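Data block below; observations after.
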4 protein chains.
Amino acid sequence: MAGAPPNPERPHTGRRRNEATHHAILDAALRLLAESDGEAVTIDAIAKAAGVGKQTVYRWWPSKGALLLDALTERSAIQVPLPDTGSVRADLQAVIEATFLGAQGKSTAPALRSLAREAAHDPHLAELLQTFTAQRRNAVRGLLIRGQQRGELAPGADLDLMLDQFYGVFWYRFLLGHQPLDQDAATRLTNAILADH
Amino acid sequence: MAGAPPNPERPHTGRRRNEATHHAILDAALRLLAESDGEAVTIDAIAKAAGVGKQTVYRWWPSKGALLLDALTERSAIQVPLPDTGSVRADLQAVIEATFLGAQGKSTAPALRSLAREAAHDPHLAELLQTFTAQRRNAVRGLLIRGQQRGELAPGADLDLMLDQFYGVFWYRFLLGHQPLDQDAATRLTNAILADH
Amino acid sequence: MAGAPPNPERPHTGRRRNEATHHAILDAALRLLAESDGEAVTIDAIAKAAGVGKQTVYRWWPSKGALLLDALTERSAIQVPLPDTGSVRADLQAVIEATFLGAQGKSTAPALRSLAREAAHDPHLAELLQTFTAQRRNAVRGLLIRGQQRGELAPGADLDLMLDQFYGVFWYRFLLGHQPLDQDAATRLTNAILADH
Amino acid sequence: MAGAPPNPERPHTGRRRNEATHHAILDAALRLLAESDGEAVTIDAIAKAAGVGKQTVYRWWPSKGALLLDALTERSAIQVPLPDTGSVRADLQAVIEATFLGAQGKSTAPALRSLAREAAHDPHLAELLQTFTAQRRNAVRGLLIRGQQRGELAPGADLDLMLDQFYGVFWYRFLLGHQPLDQDAATRLTNAILADH
DNA sequence: ATTTAATCGAGACGGTACGTCATGTCTTCGG
DNA sequence: CCGAAGACATGACGTACCGTCTCGATTAAAT
């Protein structure tokens, strides 16, 4: 994701990218993202924390958003499995539960929250974030389609609405924090989404 | 909302607040908010557009967010009625529809979007926004409770989840814009929320 | 100096000028001038310290400078006598000594210093100050002329230069404070000015 | 004068100071200082005139005063020679004349006047200015001491007073402008200072 | 071994917006 | 009409980040 050699024709000359530096930047970004929950994270601060020049950051990531997203996806472990048990209800419940619980991770939560906040200002990051979440969304849609093909969902079921119910409720609660995102909530949400099926 | 006399004991001395200025600021804020969809709105720009000193803005609003929220609530017409037809389904459908369509207003939509973006960075505004929306949320909850008392909803229905489905889907679609927020969507969402009732 | 009634034709209508207020303003000005040696004195601060509205200050004095000068001349006692002993040397020595010592007064010195500093920025005050000092300067010139007429000074003596030596040295030492302004200094300066007479 | 490398141990890392920018700032400062005789010169205006970011000014000069003094001393040519002809009278006359005439330079005069005015408000600048003038003062004192050693001045002559007569009259006339600072004035002042020698 | 080129930390640079401060004018109400 | 309180337009202040740029030093492949 971050930075290809500028000239792909020639094999490669000159000093190679320092992987330790790369990691240091991602680590620093993730740490600052987690520490300053809500407060803006500056590139200067990340570079300073990583013991790195600012230019080095800009060399490998086109925008602050790209860096933050990279930090969250590469270094933080948001591992949501995609089950295929043969039951839509079981599959959906598992995904929702994993999403809910995975987002609550001690360092993941504030970082993810900050990332969402940054995306509000940075159109580039917003697009990246959407591209990233679209993959997962499509995966979950696949899960629903399989259920529909098995006859568990009505042929005319509004899958997009179901997806939006899932992610809408998730982000709404995650960002506002006014209601829990625990196992019970996952069960209730699953039931609500699959109510008449 | 903005600025009560500091000392309620004394009748009030000194020059009074200039209402024309007040309105000019709110109008300018709303206009700039609507015009620059997504782009940040600066206090300098608002003051300049309103023909007002920056200090005058800071005198009456503690933060940029507070001003923007004020601009949106006082000057923009987000008039969502709270019907009481005797049918939960009809009531909820009306509210959802009004919310969906009201948010699409030509100048309201970009302003509301900008406001949400600003709230992502400004904790003060986030709180104000939450306080503001909590009122409407409580009103809608009242609507649901009435239906529950009439027996239209199960006694154990998770009203909070229902509310979050409504507002979660609304904000999710409003901010991402990947799915419509039209009358049909309102109907489908209503059905989904009240699925098993 | 400070403020005539706006309409001199009509005997006088309305509330009369409050002398206590007048004094309070001058006192506050003098006090602040003395306290904040070097630091700028603001009209707001004076008004606040006098328990007075800002407009009341502006009503009676055309500029901050005028007020400060008023404060120094009316309230502070810079009483330099104008002796006429029949000897230029004695007269000049007395004036210089009185000027040197008078300017060292505990509250006078910082106030005068601040006044001079203010005059550097306020052309209006500079003019007032010059008009004020011109009176004294002319008085001292008269003293020298009398000596010249008595034959104590050469007919072609450069009186202006003598005056500038006096005031130049005074202000230079007063503002920089690198050399004393005591009785001995007065004697030496007198001797230097009258050296070849 | 402005800004040595912060850490003398390390050879120096990072981009070097842009001398063109440095000069542009000093030139702009001097020009504005000369143009706006008396009126305050703002950092914003200097930065704008130099085509430079405000921060760049603040990076290299701790205060507006330091910048202005720098501008006057580095860019403007206040070249007062220090003669050593073997005659105190000739030496002193030359210095006074050069000082008088040098200060009258078309762009120097308003700049120097503005500088003095700024110093009245800015203690930091006042100190800098004093440090700067102390060098010249000491040089002139050296001139007098040489004359004293040659027996041209009495052993007990008050050199400090002589210096103060020089600079006191100079600044007094320069700032007030009520009397000329021409060659004739220089001669008269020289005579007055050395009257009884 | 030498050349060539890309990396690195450091930090200067032109901008833009911030929130605060003082100025001098104005408006309001109570005396 | 006077006086206290304080709102108002203006404009400078010094700070914080932004993203770009320029340094000298380092490192590795190509010659």
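Protein chains get the first letters and strands the later ones, always in sequence-line order, with residue 1 at the start of each. Nothing here was measured: the structure is a model prediction, and the numbers come from that model.
Within the structure, a side-chain polar atom (N or O) of D/K64 is placed less than 4.0 Å from OP1 or OP2 of F/dC13. Put simply, D/T56 has a side-chain N or O that comes within less than 4.0 Å of OP1 or OP2 on E/dG14. Put simply, D/T13 has no side-chain N or O that comes within less than 4.0 Å of OP1 or OP2 on F/dC23.
What separates CZ of B/R15 from C1' of F/dA7 is a distance of 5 Å, to the nearest Å. Straight-line distance from the NE2 atom of B/H121 to the C1' atom of F/dA16: 14 Å, rounded to whole Å. Rounding to whole angstrom units, OH of residue C/Y58 and C1' of F/dA4 are separated by 16 Å. In this entry the distance linking CZ of D/R17 with P of E/dG14 reads 12 Å, nearest Å. The CD1 atom of D/I46 sits 14 Å away from the P atom of E/dG14 (whole-angstrom rounding). Following rounding to the nearest Å, A/W61 (CH2) and F/dG19 (C1') show an atom-to-atom distance of 16 Å. Atom CG of D/D44 is separated from atom C1' of F/dT15 by 13 Å (rounded to the nearest Å). For the pair A/D122 CG and F/dG19 P, the computed distance is 8 Å after rounding to whole Å.
For D/I43 and B/G53, each mapped to the nucleotide of DNA chain F holding its nearest heavy atom, the one lying further toward the 5' end belongs to B/G53. Projected onto DNA chain E by closest heavy-atom contact, A/A47 and D/N18 fall at different nucleotides, the more 5' of which corresponds to A/A47. Ranked by how close their nearest DNA chain F nucleotide is to the 5' end, D/G14 and B/A50 are led by B/A50.
To the nearest 0.5 Å, atoms CG (C/L68) and OG (C/S114) are separated by 8.5 Å.
Taking the charged nitrogens against the carboxylate oxygens, A/K64 and A/D122 have no contact shorter than 4.0 Å, which rules out a salt bridge.
Ranking F/dG14, F/dA7, E/dA12 by closeness to the D/R59 side chain, first place goes to E/dA12. Of the candidate nucleotides F/dC8, E/dT23, E/dC13, E/dC13 has the atom nearest to the side chain of D/T21. Here E/dA12 is the nucleotide among F/dA4, F/dC17, E/dA12 with the atom lying nearest to any side-chain atom of D/W60.
Judged by distance alone with a 3.5 Å cut-off, a donor-acceptor contact links the side chain of C/Q55 to the base of E/dC26. At a cut-off of 3.5 angstrom, counting only N and O atoms as typed in the model, there is no donor on one side facing an acceptor on the other between the side-chain of D/K54 and the base of E/dG14.
The closest side-chain heavy-atom distance from A/Y58 to A/I43 is below 4.5 Å.
For an aromatic pair to be called close, the ring centres must be under 6.0 Å apart, and B/H22 with B/W61 satisfies this.
By the 6.0 Å contact criterion, CD on C/Q130 is enclosed, its count of non-hydrogen atoms from other residues, nucleotides or ligands being greater than 12.
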